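Heads up, the thing below is written out as structure tokens.
Just so we're clear, the structure is a prediction, and the values are computed from it rather than from any experiment. Quick note: residue numbers are just sequence positions, from 1.
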Amino acid sequence: MVTIRPMTLEDPPQLASLWQDQLSLIAQTDSRSMSPSAVTEWTAGIVALLSDTRAVALTALADDQSYAGYVVGWEPPVGLLPAVGSRVGLIGDLVIDMHRYRGGVARALVAALRAQFAARGVNRLVALSARRHVTGQAFWRSVGGVEWMDGFWLK
């Protein structure tokens with residue numbers, strides 16, 4: 001069982017190892033995936049996001065108070081995404097401790113994020129997932145996601 005709560009400024013340094021594990025897993029399936037940024041850069045980015053009123057960042061804690069995962073989403077300006085004319089929540093990061101896969105942590109985090117966005121009047125969500133990250137793709141399909149559009153990363 002997990003407890004989900006809003007992320008605080010104390011959480012990002014503790015969550016950085018989960019983030020690194022996730023990027024390492026993705027890099028194993030796609031050598032073209034982005035290389036991990038320095039942990040200090042990632043931590044600074046998450047801390048900055050926590051002060052953004054458009055963002056939602058939630059942390060899942062296990063019964064022993066260890067970190068089970070986190071999810072980060074935000075509401076981009078209206079019209080930013082093609083073919084989406086109304087308000088939308090963009091889920092950019094969903095990271096689960098690899099030892100807790102299949103425990104319902106990801107579903108609980110997504111449900112809590114949906115509820116946070118719904119309370120703001122945002123009922124449409126878009127989830128970002130690496131193209132060759134098959135477990136991520138399968139998860140989003142299992143919660144009702146459908147493929148929508150391809151993207152390109154410009155260097």
Tell me the closest heavy-atom pair linking [X] and [Y], and the distance in Å.
{"X": "Met7", "Y": "Ile46", "value": "SD-CG2, 3.6 Å"}
{"X": "Val2", "Y": "Ala62", "value": "CG1-CA, 4.4 Å"}
{"X": "Leu109", "Y": "Thr59", "value": "CD2-C, 4.2 Å"}
{"X": "Pro76", "Y": "Trp74", "value": "CD-O, 3.3 Å"}
{"X": "Leu50", "Y": "Pro12", "value": "CD1-CG, 4.3 Å"}
{"X": "Gly92", "Y": "Leu128", "value": "CA-CD1, 4.1 Å"}

Calculate, to the nearest 0.5 Å, the distance between atoms [atom1] and [atom2] belonging to [X] and [Y] respectively.
{"X": "Arg107", "Y": "Leu94", "atom1": "CZ", "atom2": "CG", "value": "11.0 Å"}
{"X": "Gln65", "Y": "Thr3", "atom1": "CD", "atom2": "OG1", "value": "6.5 Å"}
{"X": "Asn123", "Y": "Arg87", "atom1": "CG", "atom2": "CZ", "value": "9.0 Å"}
{"X": "Tyr67", "Y": "Gln14", "atom1": "OH", "atom2": "CD", "value": "5.0 Å"}
{"X": "Leu90", "Y": "Arg124", "atom1": "CG", "atom2": "CZ", "value": "13.0 Å"}
{"X": "Gln22", "Y": "Ser17", "atom1": "CD", "atom2": "OG", "value": "12.0 Å"}

So, applying side-chain contact (heavy atoms from CB on, under 4.5 Å) with Val71, which one of Val105, Ile91, Val95 is it?
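The side-chain contact (heavy atoms from CB on, under 4.5 Å) with Val71 is passed solely by Ile91 among Val105, Ile91, Val95.
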Tyr70 and side chain to side chain donor-acceptor pair (under 3.5 Å): which single residue from Asp11, Asp93, Asp97 fits?
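Going through the options one by one, the only one that passes is Asp93.
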Within a strict 4.5 Å, meaning less than it, do heavy atoms of the [X] and [Y] side chains meet?
{"X": "Val110", "Y": "Phe139", "result": "yes"}
{"X": "Val72", "Y": "Leu49", "result": "yes"}
{"X": "Val88", "Y": "Glu75", "result": "no"}
{"X": "Leu58", "Y": "Arg5", "result": "no"}

Given the rule in the side chain to side chain contact (heavy atoms under 4.5 Å, CB included) test, do Val47 and Leu9 qualify, once you have shown the distances and angles that lead to the verdict?
CA-CA 6 Å; Val47 167; Leu9 292 173; 3.7 Å; yes
Check: Thr40 main-chain N/O paired with Thr43 side-chain donor or acceptor under 3.5 Å
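No: the side chain of Thr43 does not pair with the backbone of Thr40.
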